[in-house]
Number of protein chains: 2
Amino acid sequence: MALEHAILVSLLEKPGSGYELARRFERSIGYFWTATHQQIYRVLKRMESDGLLEVREVAQQGRPDKKEYSVAGPGRAALSRWLHEPVEPESIRHELAVKIRGAAFDDPAGLVSEVERHRKAHADRLAHYLSGERRDFTGPEAPLPLDAGRELQHAVLRGGIAYERMTIAWLDDVLATLHRLGTARPGI
Amino acid sequence: MALEHAILVSLLEKPGSGYELARRFERSIGYFWTATHQQIYRVLKRMESDGLLEVREVAQQGRPDKKEYSVAGPGRAALSRWLHEPVEPESIRHELAVKIRGAAFDDPAGLVSEVERHRKAHADRLAHYLSGERRDFTGPEAPLPLDAGRELQHAVLRGGIAYERMTIAWLDDVLATLHRLGTARPGI
DNA sequence: TCCTTCTATGCAACTCGTTGCATAGACAAG
DNA sequence: CTTGTCTATGCAACGAGTTGCATAGAAGGA
């Protein structure tokens, strides 16, 4: 049920509609948790009927009406309860790693373009994170003050940046390995 | 359907039963893909009825009989097809990161023990990976030769090692941030 | 002897997550 | 004037993954 908690955190940071939440899950929250709009709408409805959230119909000009959700008392309590119980250390699920091991039974050299594609995607994500970091935290235009919430957001973003840097370095390592297998000892 | 492909790779590396696969998913394959035994048994059955795998009943002494699965021709073809089509770069799902951002609305200092617990889990996993690396790849007792399959397995393991090191460093960063928030500016 | 652990397989029920599709008003480009 | 994009919400069906439970023989310890 981590999606519920991610939604509670996001709505505490700023109330918003399902649509707005979906967009946040493509950006900041999406650094460490993903969700599609269908999932979000479904869970929002359930959370509201469970009394964790409050809705407010908001009429807009030039746009469809929206339902703005905010966290109700029981929602805050549920988040607090969850924060005080342990969660399992996450385990990774990395399809590309499956492919890399599988390449031994096919054509290792054929994997190069796929690995390069992933490397580019991670480099793009890193650039995106870094520009976000400058904009929100370290740049001269970054808003002040840095309260606890923003400090913690920054710490999480630093984790995303470290993850992308590590992944890029690893993919370079993988590319070097594939290159070595393709040239030094062909046919093995 | 990445579980299917992970199973194909694992069975190509070495045929085995559902039980044995479940154990591998706790170790080497589990470095980058996880699955429970129920999931594995269900998928094995489906893959066999789809003709991707072959079964062989094996009687054992002092143990229950087992069904040893191995990859059939169509299974190898399915893996090859998958290797040649692109997969999406993975996105992380990190509950602890949700907690860290959520802590701003509760008690940041209360999170310290949880982060320390995660740090220890990652340090244990790193130690486990490193001893596996010495045993299988870099140590004086490591078996030879290092063919393409083992080179690629090693590359994936290096990815796991890099991931754990990065995560430990990040959690230290988070702990320092929590400490800073708890002492320098209490109450903010 | 009983209790636990290990090997080995599986069902049933449930929740979580994805994919495809549908609706509908506003706005911009061609 | 049609096509496409953006905001905004949602249903239905399916597939992936989790949790709890059940069975059963063999081995080992209290």
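Convention: sequence-line order gives letters A, B, ...; per-chain numbering from 1.
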**OP:** Would you give a per-nucleotide map of nucleotides 20-29 of chain C, 5' to 3', where B means the base has a protein non-hydrogen atom under 4.0 Å away, S means only the sugar-phosphate does, and - means neither?
**Re:** BB----S---
Subject >> For B:Lys67, side chain to side chain donor-acceptor pair (under 3.5 Å) partners two or more places apart >> reply: none
Subject >> N/O (side chain, A:Gln39) to phosphate O (OP1/OP2, C:dT18) under 4.0 Å >> reply: yes
**OP:** Would you mind reporting whether B:Pro74 and B:Leu52 have side-chain heavy atoms less than 4.5 Å apart?
**Re:** yes
Original post:
So which pairs with a foot in residues 91-110 of chain B pass side chain to side chain donor-acceptor pair (under 3.5 Å), sequence neighbours left out?
Top reply: A:Glu13-B:Arg101, A:Thr34-B:Arg93, A:Ser80-B:Asp106, A:His84-B:Asp106, A:Glu90-B:His94, B:Lys99-B:Glu114
Subject >> Spacing of B:Lys67 atom NZ relative to C:dG10 atom C1', expressed in whole Å >> reply: 9 Å
Original post:
So which of A:Lys120, A:His128, A:His122 actually passes side chain to side chain donor-acceptor pair (under 3.5 Å) with A:Asp124?
Top reply: A:Lys120
Original post:
Should A:Arg158 and A:His154 be marked as a side-chain hydrogen bond (donor to acceptor under 3.5 Å, both in side chains) after you check the CA-CA gap, both sets of side-chain angles, and the distance that decides it?
Top reply: CA-CA 6 Å; A:Arg158 287 197 299 272; A:His154 190 194; 3.2 Å; yes
Original post:
Do A:Arg24 side-chain atoms and A:Ile7 backbone N/O form a donor-acceptor pair below 3.5 Å?
Top reply: no
**OP:** Run through B:Glu164, B:Arg165, B:Met166 and flag the one making a side-chain contact (heavy atoms from CB on, under 4.5 Å) with A:Met166.
**Re:** B:Met166
Original post:
In chain order, what residues pass the side chain to side chain donor-acceptor pair (under 3.5 Å) check against B:Arg46, with sequence neighbours excluded?
Top reply: B:Glu4
Subject >> Proximity to DNA chain D (any heavy atom under 4.0 Å), residues of residues 11-34 of chain A only >> reply: A:Ser17, A:Gly18, A:Tyr19, A:Arg23
**OP:** Starting at atom CD1 of B:Ile7, determine the distance to atom C1' of D:dG17, rounded to an integer number of angstrom.
**Re:** 13 Å
**OP:** Can you label the angle between the B:Trp82 ring and the B:His5 ring as parallel, tilted or perpendicular, going by 30° and 60°?
**Re:** parallel
Subject >> Residue-level proximity of residues 40-59 of chain B to DNA chain D when a heavy atom falls under 4.0 Å >> reply: B:Arg42, B:Arg46
**OP:** With DNA chain C as reference, determine whether B:Arg93 or B:Lys66 sits nearer its 5' end, using the nearest nucleotide of each.
**Re:** B:Lys66
**OP:** Decide, yes or no, whether a salt bridge links A:Arg180 with B:Glu151 under the criterion of side-chain N to carboxylate O below 4.0 Å.
**Re:** yes
